[in-house]
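To start, the structure under review is shown below, and the notes come after it.
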Amino acid sequence: MMRNRVLGKTGIPVSPFCFGTLTMGPGQANLSLKDGRDLIAFALECGVNFFDTAELYGTYEYLDSRALPGLDGAVIASRSFAATRKDMAKSLDLARKSMHRDVVDVFGLHQQESGLTLKGHRDAIEFLAEAKFRGWIRAIMVSTHHVACVRAVSLMDEVDVIFAILNLEGLGIRDGTRQDMEEALAFASSCGKGVYIMKALGGGHLYARAREALEYVRDLPFVSSVAVGVKSRAEVLFACSVLSGGEVPRAVEAETRSAPRRVVVEDWCAGCGECAKVCGFGAITLVAGKAAVDPAKCMLCGYCARTCPDFSIKVL
Ligand code: SF4
Ligand code: SF4
């Protein structure tokens with residue numbers, strides 16, 4: 001049984017498992033529209049009411065409320081890189097039209113780094129405040145991998161929700177430790193911000209400790225929900241069970257553990273080559289300025305996922 005938690009001062013109740021849609025989308029598992037929507041319908045049946053997407057992910061079509069009327073009552077979070085009023089208006093319009101929703105519940109800025117980058121998005125934030133006033137969105141969000149950004153957002157009245165990186169090993173936190181991020185998020189929560197978490201499984205690096213990794217973020221008092229990217233019913237059931245504090249059926253755990261895995265390189269790979277340096281199996285080369293993985297050599301150790309500063313390479 002999933003008991004919803006409230007997302008900070010927004011008053012929006014969300015399930016402790018937030019269905020992350022990046023994994024099912026075109027850059028990763030690439031589920032057909034039918035399979036993706038079936039998976040979302042299954043999650044709704046399991047009591048999930050919170051779905052995370054982003055303009056970048058290309059997954060709006062899966063979340064089409066006309067095709068899946070059960071989504072009408074669900075909470076959708078999305079964001080874009082838009083920095084100007086005009087571009088943010090376009091982004092929100094795209095989200096509302098593509099998902100056939102009058103209201104995109106939580107909408108905002110993708111991957112901010114600090115008070116300075118937030119200042120650079122002032123125009124976009126002003127548009128979002130107006131969109132909230134008009135009832136097109138219910139809350140303004142910021143997503144980040146940076147402690148400094150969490151601290152800056154904590155003091156910004158306009159922003160309601162923070163989507164931040166946190167995991168057992170502090171992987172991917174760009175400017176501090178796990179403890180630094182915990183402290184910053186606890187402060188944000190005390191300022192009334194709703195907090196939900198990304199990368200609890202460290203881009204796939206923590207799959208072997210998946211239950212422990214999810215339990216860690218689940219039990220932090222300032223966390224309302226944890227976004228986990230899923231592509232199968234077993235993964236939905238696993239995340240639902242662990243994040244709601246229930247028993248994980250043995251068959252589900254076994255299926256989740258034994259699911260075939262592969263390494264995926266995202267479009268936004270910057271080609272820095274750091275992942276290739278740590279791959280002890282020579283499976284990664286740089287091709288046309290991006291990492292390319294040879295599946296015949298890859299041993300799925302996950303070291304590359306641990307190393308990439310932007311989670312551009314993941315074990316799925
Ligand atoms: S996947 Fe990450 S670490 Fe590897 S080349 Fe791309 S940006 Fe660099
Ligand atoms: S998972 Fe391990 S073996 Fe495979 S590409 Fe990454 S570092 Fe290399």
Side-chain angles (χ1 to χ4, degrees), residues 20-30 54-59 79-81 109-114 117 143-149 163-178 181 197-214 227-232 234-235 238 255-316:
T21 59
L22 173 64
T23 308
M24 73 197 294
Q28 299 192 3
N30 199 20
E55 189 170 312
L56 178 75
Y57 299 170
T59 54
R79 55 204 163 274
S80 94
F81 286 109
L109 308 179
H110 204 139
Q111 270 188 33
Q112 294 299 297
E113 295 173 8
S114 64
T117 58
S143 76
T144 188
H145 294 181
H146 290 74
V147 176
C149 177
F163 183 33
I165 188 169
L166 186 58
N167 53 62
L168 261 181
E169 296 188 11
L171 300 172
I173 300 171
R174 300 296 291 273
D175 57 351
T177 62
R178 165 183 137 179
M181 187 58 96
I197 297 299
M198 66 170 93
K199 306 282 185 275
L201 297 175
H205 183 74
L206 297 170
Y207 267 132
R209 301 166 70 193
R211 192 201 286 232
E212 182 191 0
L214 292 185
V228 182
V230 286
K231 58 185 184 307
S232 70
E235 288 175 358
F238 182 79
E255 193 179 332
T256 313
R257 273 182 190 275
S258 64
R261 305 231 178 264
R262 69 195 171 103
V263 175
V264 170
V265 180
E266 301 284 4
D267 286 346
W268 60 81
C269 161
C272 69
E274 289 306 309
C275 54
K277 284 187 206 158
V278 299
C279 178
F281 301 94
I284 303 178
T285 48
L286 290 183
V287 178
K290 287 193 193 310
V293 178
D294 180 349
K297 291 183 180 165
C298 174
M299 294 290 127
L300 295 169
C301 67
Y303 286 5
C304 50
R306 184 189 173 94
T307 305
C308 179
D310 294 314
F311 289 99
S312 303
I313 191 163
K314 297 171 186 167
V315 181
L316 289 180

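Atoms within each ligand, like the ligands themselves, are counted from 1 in listed order. Predicted, not measured: the structure shown is a model, and the values here were computed from it.
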(Q) With a 3.5 Å distance limit and no angle check, can you tell me whether R174 reaches the backbone of P309 through a side-chain donor-acceptor pair? (A) yes
**Q.** Top protein contact for atom 4 (Fe) of ligand 1, by heavy-atom distance
**A.** C275 SG, 2.3 Å
Q) Quick check: does C298 have an N/O/S atom under 2.8 Å of atom 8 (Fe) of ligand 2? A) no
Q. What's the shortest heavy-atom distance between N167 and L171, and which atoms?
A. OD1-N, 2.7 Å
Q. Of the non-hydrogen atoms in G25 and T59, which two are nearest, and what is the gap between them?
A. CA-CG2, 3.6 Å
Q: Of all the heavy-atom pairs spanning C304 and V263, show the shortest one and how long it is.
A: SG-CG1, 4.3 Å
Q: For V263, take its heavy atoms, then give the atoms of ligand 2 lying under 4.0 Å from any of them.
A: 1 (S)
Q.
Take a 6.0 Å sphere around OH of Y303 and say whether it holds more than 12 heavy atoms from other residues, nucleotides or ligands.
A. no
Q: For residues A54 and H110, report the shortest heavy-atom separation together with the two atoms involved.
A: CB-CE1, 3.6 Å
Q | Residue, atom name and distance, where the atom is the protein heavy atom closest to atom 6 (Fe) of ligand 2 | A | C304 SG, 2.3 Å
Q: Show which atoms of ligand 1 fall inside a sub-4.0 Å distance from at least one heavy-atom site of I313.
A: 1 (S)
Q. How far apart are the closest heavy atoms of S80 and E55, and which atoms are they?
A. CB-OE1, 3.5 Å
Q) For atom 7 (S) of ligand 1, which protein heavy atom lies nearest, and how many Å away is it? A) A270 N, 3.4 Å
Q) So, is C308 placed with an N/O/S atom under 2.8 Å from atom 2 (Fe) of ligand 1, counting both backbone and side chain? A) yes
Q.
Could you report the tightest heavy-atom contact between K297 and G282, atom names first, then the distance?
A. CD-O, 3.4 Å
Q) In a check of salt bridge (Lys or Arg N to Asp or Glu O under 4.0 Å) between E169 and each of R209, K199, R178, which one passes? A) R209
Q: Around atom 8 (Fe) of ligand 1, find the nearest protein heavy atom and jot down its residue, atom name and distance.
A: C272 SG, 2.3 Å
Q.
Using heavy atoms and a 4.0 Å limit, tell me yes or no: is V278 in contact with ligand 2?
A. no
(Q) Quick test: of every protein heavy atom, which one is nearest to atom 1 (S) of ligand 2, and how far off is it to 0.1 Å? (A) G302 N, 3.2 Å
Q.
Can you tell me if, anywhere in C269, an N/O/S atom lies at a distance from atom 4 (Fe) of ligand 1 that is smaller than 2.8 Å?
A. no
Q. Looking only at heavy atoms, is any part of I284 under 4.0 Å from ligand 2, and if so is it the side chain, the backbone, or both, or is it neither?
A. side chain
Q) Nearest to atom 5 (S) of ligand 1, what protein heavy atom do you find, and at what distance? A) G273 N, 3.2 Å
Q | Geometric cation-pi criterion R79 and F163, 6.0 Å radius, 45° cone | A | no
Q: Note the single closest protein heavy atom to atom 2 (Fe) of ligand 2, along with its residue, its atom name and the distance in Å.
A: C301 SG, 2.2 Å
Q. Of all the atoms in ligand 2, which lie at a distance below 4.0 Å from a heavy atom belonging to F281?
A. 3 (S)
